[in-house]
Chemist: 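Sending over a structure as structure tokens; questions will come in a sec.
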Amino acid sequence: MIRFLLNQTLREESSISPNMTVLNYLREHIAKTGTKEGCGSGDCGACTVVLGEVVDGSLSYRSVNACLTFVSALHGKQLITVEDLRDKTSLHPVQQAMVEHHGSQCGFCTPGFIMSMFALTKNKPNADKEETYEALAGNLCRCTGYRPIVEAALSLSQSLPIRDQFAELEKETIARLSSIAPPDLEHQFDGKSAFTPQSSDELADVLLAHPNAKLLAGGTDLALEVTQFYRDIDELIYVGQVNDIKVVKETDTHIEIGANVPLTDVYSALTPHYPDFGTLIQRFASLQIRNQGTVGGNIANASPIGDAPPLLIALGASIELRRGDAVREIPIEDFFKDYKVTALQPSEFIQTIRIPKPQTEQMFKAYKISKRFDDDISAVCGAFRLTFGNDANGSDIVTCVRIAFGGMAATPARATNSEQALLGKPLSTESIQAAMLALEHDFAPITDFRASKEYRLETAANLLYRMYIEQRLASYGKDAASGNTIATRVIHHVS
């Protein structure tokens, strides 16, 4: 039995295929057709709905793509659709703002925009322009243009805090969601099974018993098997209820991220330590995808253009893999064996990602190159971690270097020849040019619809040079602030 609140109505579903998406459930099963089907792949945002969940005693709202969310993921949550916003005879303030600013023409994309704006008012009631852009970046419109839609959203942040029926019923909603019993371990229908373990121990046991089952976290990649390729998934293990791998911990030396942590939460965990990592996560698909997709899933799908793996490789991260009671830890660069091939053994899953904290005299830079700035896949993604020190003569040199790229090979990988061109040398024009040339010995990229092989190789080299220029400018700024003579590392070696 899958139990959840549809707005304020308790739904109990037992005759639902584990492969049914929330989009199809709404449109075909209960005839709520306000949620539209656009791309079916999480790119257009027309199917955006909002999920409410009790987190630390409070109600948390997140926008998600209904086309990529299976109904089994709704257990214990509140599902809010565009039909639910109207309060008796009055439009919701978000809907009214869209009307007043003429933000809708054909109306097909409008429900998705409305739901993204609704989530924005709940999470950031005083959102500025950049936060508004971020919230709407996963919603596409083909006829109105974005100006009136953005103006409608911004008008809400300038008004008084919105008191709607959801705010008035918040305590009651929390109580009702909290009273929903945990889901049954197994849900079966139409010859298909979905398992919902409640802990990593239970997950390990289920995976041992069902080694061929597909692990479902956010579903932002796996759901495409159903929605785009029309394949049935006979056995699913939904890990969204496994809360002990949905936590972030910090030790003196590492940041430990559970594989089940959504990318939205990874942003807040890593940005204080690695601002470039946070900046890149903000460009990771759309907010709807980041609200569901997990860092473990981004690693496990082994895409050569996944955004997180190159950064994790450059940072020297490791991952804990678990099978039954046995846990082993490997460097993340050893996880990727070939195109879509990983080091995972049967019944093994990613449990934790361990990222070293920054060291003194260390810099980290990361860049994503894509055709669109937001909501797009990388053509090339580069990450660079350099540590500086002194040689025997007291000269400034690079004492440790890790360079990793995505989009340049069948897997995300290190540029070892480029690293050697920098290691033990000053970071100078000569050494960075040598490192740029060495990339030709590290990668032989392919040509596809995103970029040509020549573009990829030249762009990767230019990212190295960009890193060097930014480090040089940072050294100038640091020196100017201290008032010291310019004789610091990097600048000391640059004519």
Side-chain angles (χ1 to χ4, degrees), residues 221 255 257 259 263 266-267 270-271 273-285 290 293-319 330-343 350 353-356 358 362-370 376-387 400-419 422 435-436 438-439 442-446 448 450-451 453 455-468 470:
D221 185 67
I255 308 156
I257 301 175
L263 290 160
V266 172
Y267 170 83
L270 289 181
T271 299
H273 301 284
Y274 297 107
D276 272 33
F277 208 135
T279 299
L280 186 135
I281 287 178
Q282 281 190 306
R283 293 182 57 200
F284 190 112
R290 297 194 295 274
T294 64
V295 64
N298 191 236
I299 296 168
N301 71 16
S303 170
I305 50 174
D307 283 339
L311 281 68
L312 294 171
I313 291 173
L315 289 173
S318 60
I319 52 177
I330 64 172
I332 191 169
E333 63 198 87
D334 294 341
F335 181 75
F336 306 102
K337 297 299 184 182
D338 203 343
Y339 178 72
K340 292 287 187 176
V341 178
T342 72
I350 301 173
I353 299 93
R354 302 183 73 246
I355 305 170
Q362 186 180 94
M363 60 85 71
F364 176 73
K365 292 287 182 181
Y367 312 105
K368 173 179 177 174
I369 304 298
S370 56
D376 203 1
I377 296 171
S378 296
V380 178
C381 182
F384 314 91
R385 190 191 73 174
L386 280 70
T387 305
C400 182
V401 55
R402 294 179 67 93
I403 299 171
F405 284 96
M408 296 290 288
T411 66
R414 288 177 68 179
T416 54
N417 287 289
S418 186
E419 291 174 355
L422 295 174
M436 292 165 67
L439 285 175
D442 284 314
F443 301 109
I446 64 170
D448 59 21
R450 292 188 185 90
K453 60 183 180 182
Y455 174 88
R456 284 191 160 102
L457 199 56
E458 185 171 347
T459 298
N462 287 343
L463 292 182
L464 261 170
Y465 194 67
R466 177 179 174 179
M467 176 272 295
Y468 163 63
E470 288 187 358

Chemist: Could you pull out all residues at least two apart from Y339 that satisfy side chain to side chain contact (heavy atoms under 4.5 Å, CB included)?
Modeler: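 Side chain to side chain contact (heavy atoms under 4.5 Å, CB included) check on Y339 returns P304, A410.
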
Chemist: Search all heavy atoms of G297 against all heavy atoms of T294 and return the closest pair with its distance.
Modeler: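 Smallest interatomic distance, heavy atoms only, reads N-OG1, 3.0 Å.
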
Chemist: To the nearest 0.5 Å, what is the distance between CD1 (I257) and CD1 (I355)?
Modeler: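 Spacing of CD1 (I257) from CD1 (I355) equals 4.0 Å.
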
Chemist: Where is the tightest heavy-atom contact between P309 and N298, given as atom of each residue plus distance?
Modeler: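 Heavy atoms of P309 and N298 come nearest at CD-OD1, 3.3 Å.
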
Chemist: Check I353 against A259 and note the closest heavy-atom contact, atom names and distance.
Modeler: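 Nearest pair, atom of I353 first, then A259: CD1-CA, 3.8 Å.
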
Chemist: Do M436 and Y468 make a side-chain contact, defined as non-hydrogen atoms from C-beta onward lying under 4.5 Å apart?
Modeler: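 Of all side-chain heavy-atom pairs linking Y468 with M436, none is under 4.5 Å.
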
Chemist: How about T411 and K337: do any of their side-chain heavy atoms sit closer than 4.5 Å?
Modeler: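 The answer is no; the side chains never approach within 4.5 Å.
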
Chemist: Quick check: closest heavy atoms across A302 and V341, and the distance to 0.1 Å?
Modeler: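 Minimum heavy-atom contact is CB-N, 4.5 Å.
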
Chemist: Please determine whether the number of non-hydrogen atoms from other residues, nucleotides or ligands lying under 6.0 Å from atom NZ of K453 exceeds 12.
Modeler: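 Incorrect, the count does not exceed 12.
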
Chemist: First locate atom CG of L463, then atom CD1 of I403, and finally report the distance between them rounded to the nearest 0.5 Å.
Modeler: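 L463 atom CG to I403 atom CD1 measures 11.0 Å (nearest 0.5 Å).
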
Chemist: Hey, could you give me the CD1/CG distance between I332 and L311, rounded to the nearest 0.5 Å?
Modeler: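 Separation between the atoms: 10.0 Å.
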
Chemist: Got more than 12 heavy atoms from elsewhere within 6.0 Å of CD, E458?
Modeler: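 At most 12 heavy atoms, drawn from other residues, nucleotides or ligands, come within 6.0 Å of this atom.
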
Chemist: Would you call R290 and Y267 a side-chain contact if the rule is heavy atoms closer than 4.5 Å?
Modeler: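 Not touching, per the 4.5 Å side-chain cut-off.
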
Chemist: In Å, rounded to the nearest 0.5 Å, how long is the span from CD1 of I305 to SG of C381?
Modeler: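 I305 atom CD1 to C381 atom SG measures 10.5 Å (nearest 0.5 Å).
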
Chemist: Please tell me if the side chains of M467 and M363 come closer than 4.5 Å, counting only heavy atoms from C-beta onward.
Modeler: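 Sidechains of M363 and M467: in contact.
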
Chemist: Please report the shortest heavy-atom distance between F443 and R414, naming the atom on each side.
Modeler: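 That would be CZ-O, 3.8 Å.
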
Chemist: Has the side chain of D307 got a donor or acceptor atom that lies under 3.5 Å from a matching backbone atom of F284?
Modeler: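 No, the answer is negative, given that no donor and acceptor are paired below the 3.5 Å cut-off.
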
Chemist: One pair to check against side-chain contact (heavy atoms from CB on, under 4.5 Å): D376 and R283. What are the steps and the verdict?
Modeler: CA-CA 8 Å; D376 203 1; R283 293 182 57 200; over 6 Å; no

Chemist: Are D276 and R385 ion-paired here, with the side-chain N under 4.0 Å from a carboxylate O?
Modeler: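 No, D276 and R385 are not salt-bridged.
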
Chemist: Indicate yes or no for a side-chain donor-acceptor contact from N301 to the backbone of D221 under 3.5 Å, with no hydrogens or angles considered.
Modeler: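 Answer holds: no.
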
Chemist: Measure the shortest side-chain to side-chain distance between R354 and I255 over non-hydrogen atoms and say whether it is less than 4.5 angstrom.
Modeler: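 Side chain of R354 against side chain of I255, heavy atoms only: no contact under 4.5 Å found.
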
Chemist: From R456 CZ over to L439 CG, what is the distance, rounded to the nearest 0.5 angstrom?
Modeler: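 So the gap between those two atoms works out to 14.5 Å.
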
Chemist: Step by step, work out the side-chain contact (heavy atoms from CB on, under 4.5 Å) result for E333 and R402.
Modeler: CA-CA 11 Å; E333 63 198 87; R402 294 179 67 93; 2.3 Å; yes

Chemist: Can you find a heavy atom in the side chain of P358 that is under 4.5 Å from one in the side chain of F364?
Modeler: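 No, too far: nothing below the 4.5 Å cut-off.
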
Chemist: What orientation do F405 and F384 show, parallel under 30°, tilted 30 to 60°, or perpendicular over 60°?
Modeler: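 Taking F384 first and then F405, their aromatic rings stand perpendicular (interplane angle over 60°).
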
Chemist: Give, for atom CZ of F277 and atom CG of L270, the distance between the pair rounded to the nearest 0.5 Å.
Modeler: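 Going from CZ on F277 over to CG on L270, the span is 5.5 Å.
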
Chemist: Can you list the steps and then say if S303 with K340 is a side-chain contact (heavy atoms from CB on, under 4.5 Å)?
Modeler: CA-CA 6 Å; S303 170; K340 292 287 187 176; 4.3 Å; yes

Chemist: Can you name the closest pair of heavy atoms from K368 and L280 and give their distance?
Modeler: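 Where K368 meets L280 most closely, the heavy atoms are CB-CD1, 3.8 Å.
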
